[in-house]
Engineer: 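Structure in C-alpha cells, see below.
Since the structure is predicted, the reported quantities are computational estimates derived from the model, not experimental observations. Along the sequence shown, the residues carry numbers beginning at 1. Values reported hereafter were calculated over all heavy atoms of this structure, with side chains retained and with hydrogens, waters and symmetry mates removed. Counting convention: from 1, in listed order, for ligands and their atoms alike.
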Amino acid sequence: EEAARANEIWKLYDAQRSHAASWQLSLMGRLDFAIDSGEIWVAYQPKVLLATREIVGMEALVRWNHPMVGPLSPDQFIAAAETHNKIAALTYFVLDRALTDLARLQAAGHALGVSVNLSPKMLEERDLVERVAEALARHGVDAADVTLEITEIGDLLGIPGCIQTMQRLVATGVKLSIDDYGTGNATLEYLARLPSHEVKIDRTFITDLDENRDNLILVRATLEMAHRLGRSVVAEGVENEGVLRLLKKLGCDVAQGYLLSRPIPLPDLIVLLEDSAAPDRVRLVIS
Ligand code: C2E
Ligand code: MG
Ligand code: MG
Ligand code: MG
C-alpha cells in the first residue's frame with residue numbers, strides 16, 4: 001500500500017514535471033520544507049593552489065535530494081528560486097551552512113577558505129550586506145576566508161547600485177569572485193570596474209584547453225589582464241592532467257575540477273584534507 005501511494009505521488013510529480021511552469025511552482029512550494037528537513041544540503045568542491053598542491057578552499061554547491069524525483073542539480077532549481085523570490089532564503093541557508101562547516105574545519109586545524117555562490121539577483125536585496133556581516137560575526141569566521149562568487153552572466157553592471165553593493169561587501173572584509181568569466185558580457189572595462197579579488201574562468205574555456213588553440217589564446221589573455229589588475233585567477237572544469245600542467249605553466253593560481261575532486265559531502269572532504277596533510281598519502285598529485 002505504501003508503495004502504491006508512493007507510485008501515485010511519483011506519477012503526480014512526473015505529470016507536473018512535463019509542464020515546466022507548474023513543476024517549478026511545486027518545487028518552490030516545497031523549498032522551505034526542503035531546507036528545514038535536510039533534503040537540501042551543501043556539497044563542497046576543493047580549490048587547489050597550483051603552486052603548492054594544497055587545498056586552499058572549498059566551493060559550496062547546493063544540492064537537493066528530492067524524495068520523489070531523486071537528486072536535483074542547482075541548474076534545475078536556482079533559476080526558479082530567483083523568479084519565485086526564494087533565492088534569498090536559499091542563499092542564506094547555504095551561507096550559514098558553509099560558515100558553520102568552515103569554522104569546524106578551521107577549529108580542526110585545516111587552513112582553508114570557503115566560496116559561496118551569490119546570484120546577481122542577490123545584489124538587489126536591501127539587507128544583503130548586513131546579513132553577510134551578521135553571519136560572519138555569528139560564526140566568528142574571519143571575513144578574509146570567505147569568497148562570494150558572483151556569476152557574470154547577463155549584465156551585472158545593469159543592476160542598480162551594483163558597484164556600490166559590491167564595494168560594501170568588500171568593506172565587510174569578504175572577497176569577491178567573478179564566476180563563469182568569459183560567458184557573459186564581460187569586457188576589459190567590466191573586469192576593471194567591478195571590485196573583485198578573483199576571476200574564475202568558465203569551464204567551457206578550460207576543459208579542452210590542451211587541444212583548443214582559441215581557448216588557449218583567450219585564457220592566456222585573461223590571465224595576463226586579470227593579474228595586471230591584481231586579481232587572482234581560478235580555472236574551473238579541470239578534467240585532465242594535461243590541462244592541469246598547462247594551467248600551472250601559464251601561471252594560473254588555483255584550479256578546480258573533476259580531476260582533483262568532484263563536489264563531495266563534508267565528511268569526504270575532511271578525509272581528503274587529512275590525506276593531503278599526510279605527505280606520504282598525497283592524493284591530489286600535480287606534477
Ligand atoms: P558554478 O558556481 O560555476 O559551479 C561550478 C559547476 O561546475 C558546479 O556544478 C560543479 O559541480 C561543476 N564542475 C566542477 N568541476 C567540474 C568539471 O571538472 N567538469 C564539469 N563538467 N563540471 C564541473 P553544479 O554544482 O551543478 O552547479 C551549477 C551552478 O549552479 C553553479 O555554477 C552555480 O552558478 C549554481 N549554484 C550552485 N550552488 C549555488 C548556490 O548555493 N547559490 C547560487 N545562487 N547558485 C548556486
Ligand atoms: Mg561558483
Ligand atoms: Mg563557475
Ligand atoms: Mg557555472
Engineer: With a 4.0 Å heavy-atom cut-off (strictly under), which part of N117 contacts ligand 1: side chain, backbone, both or neither?
Structural biologist: both
Engineer: For ligand 1, note which part of P263 has a heavy atom under 4.0 Å away: side chain, backbone, both or neither.
Structural biologist: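 Near ligand 1, P263 shows its side chain, while the N, CA, C and O stay back.
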Engineer: Which N/O/S atom belongs to E236 and is the closest one to the Mg ion (ligand 3)?
Structural biologist: OE1
Engineer: What part of V94, side chain from CB on, backbone N/CA/C/O, both or neither, has a heavy atom under 4.0 Å from ligand 1?
Structural biologist: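 For V94, the contact with ligand 1 is made by the side chain alone.
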Engineer: Main chain of D208, side chain of E211: is a donor-acceptor contact present, judged purely on distance under 3.5 Å?
Structural biologist: no
Engineer: Does D210 pair with R245 as a salt bridge, N-O distance under 4.0 Å?
Structural biologist: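 Answer for the salt bridge query: no.
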Engineer: If we only consider heavy atoms of D180, is any one of them less than 4.0 Å away from an atom in ligand 1?
Structural biologist: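 Yes, D180 has heavy atoms under 4.0 Å from ligand 1.
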Engineer: Examine the proximity of ligand 1 to Q45 and report which part, side chain or backbone, both or neither, has a heavy atom under 4.0 Å away.
Structural biologist: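 Side chain only; the backbone of Q45 stays clear of ligand 1.
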Engineer: Identify which one of T207, D202, V254, I206 satisfies the side-chain contact (heavy atoms from CB on, under 4.5 Å) criterion when paired with E236.
Structural biologist: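 With E236 as partner, T207, D202, V254, I206 yield a single side-chain contact (heavy atoms from CB on, under 4.5 Å), made by D202.
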Engineer: Flag D179 as yes when one of its N or O atoms lies below 3.5 Å from any N or O atom of ligand 1, and as no otherwise.
Structural biologist: yes
Engineer: Does R168 form a salt bridge (charged side-chain N to carboxylate O under 4.0 Å, His left out) with E130? I'd like the steps, not just the answer.
Structural biologist: CA-CA 10 Å; R168 288 174 57 224; E130 289 73 21; 2.9 Å; yes
Engineer: Heavy-atom pairs closer than 4.0 Å: do any link ligand 1 to the side chain of E236, the backbone, both, or neither?
Structural biologist: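 Only the side chain of E236 comes within reach of ligand 1.
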Engineer: Identify, by name, the N, O or S atom of E149 lying closest to the Mg ion (ligand 2).
Structural biologist: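 Going by distance to the Mg ion (ligand 2), the closest N, O or S atom in E149 is OE1.
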Engineer: Under 2.8 Å from the Mg ion (ligand 2) - does any N, O or S atom of N117 fall there?
Structural biologist: yes
Engineer: Evaluate P74 for polar contact with ligand 1, using N/O atom pairs at a separation under 3.5 Å.
Structural biologist: no
Engineer: Looking only at distances, please establish whether an N/O atom of ligand 1 is found under 3.5 Å from an N/O atom of S73.
Structural biologist: no
Engineer: Run through E54, E59, E198 and flag the one making a side-chain hydrogen bond (donor to acceptor under 3.5 Å, both in side chains) with K47.
Structural biologist: E198
Engineer: Can an N, O or S atom be found in E59 less than 2.8 Å away from the Mg ion (ligand 2)?
Structural biologist: yes
Engineer: When you check the side-chain N and O atoms of Q45 and Q256, is any donor under 3.5 Å from an acceptor?
Structural biologist: yes
Engineer: Tell me which N, O or S atom from D179 is the closest to the Mg ion (ligand 2).
Structural biologist: OD2
Engineer: With salt bridge (charged side-chain N to carboxylate O under 4.0 Å, His left out) as the test, would you mind laying out the steps for K200 and E149 before giving the verdict?
Structural biologist: CA-CA 8 Å; K200 216 167 163 177; E149 298 188 357; 2.7 Å; yes
Engineer: Yes or no: does E82 have any heavy atom under 4.0 Å from an atom of ligand 1?
Structural biologist: no
Engineer: Nearest non-hydrogen atom to atom 6 (C) of ligand 1 belongs to which of E149, R203, R262?
Structural biologist: R203
Engineer: What N, O or S atom of D180 is found closest to the Mg ion (ligand 3)?
Structural biologist: OD1
Engineer: Can you tell which of L250, V238, L218, I201 makes a side-chain contact (heavy atoms from CB on, under 4.5 Å) with L209?
Structural biologist: L250
Engineer: Could you tell me whether the side chain of L216 reaches within less than 4.5 Å of the side chain of F205, counting heavy atoms only?
Structural biologist: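 SC-SC contact between F205 and L216 ruled out.
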Engineer: Shortest non-hydrogen contact from Q76 to P71?
Structural biologist: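 Result for this residue pair: OE1-O, 4.4 Å.
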Engineer: Within less than 4.0 angstrom of ligand 1, does Q256 place any heavy atom?
Structural biologist: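 Checking ligand 1 against Q256, which is what was asked, there is no heavy-atom contact under 4.0 Å.
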Engineer: Could you check whether any heavy atom of K200 sits closer than 4.0 Å to an atom of ligand 1, since that is the contact criterion I want to use?
Structural biologist: no
Engineer: Could you tell me whether any N, O or S atom belonging to D202 is less than 2.8 Å from the Mg ion (ligand 3)?
Structural biologist: no
Engineer: Can you give each donor-acceptor pair under 3.5 Å made by side-chain atoms of residues 102-112, sequence neighbours left out, with the distance rounded to 0.1 Å?
Structural biologist:
residue, atom, partner, partner atom, Å
Q106, NE2, L112, O, 2.9
Q106, NE2, D145, OD2, 3.0

Engineer: Any ion pair linking E224 and R228 (charged N to carboxylate O, less than 4.0 Å)?
Structural biologist: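 Salt bridge flag = yes for E224 with R228.
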Engineer: Hey, could you give me each pair passing side chain to side chain donor-acceptor pair (under 3.5 Å) that has a residue in residues 131-140? Not counting sequence neighbours.
Structural biologist: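 Those involving residues 131-140 are D96-R138, D96-H139, E134-R138.
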Engineer: With a 4.0 Å heavy-atom cut-off (strictly under), which part of D75 contacts ligand 1: side chain, backbone, both or neither?
Structural biologist: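 Just the side chain.
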Engineer: Need the ligand 1 atom indices (1-based, order shown) with element for anything under 4.0 Å from a heavy-atom of E239.
Structural biologist: 17 (C), 18 (O), 19 (N), 20 (C), 21 (N)
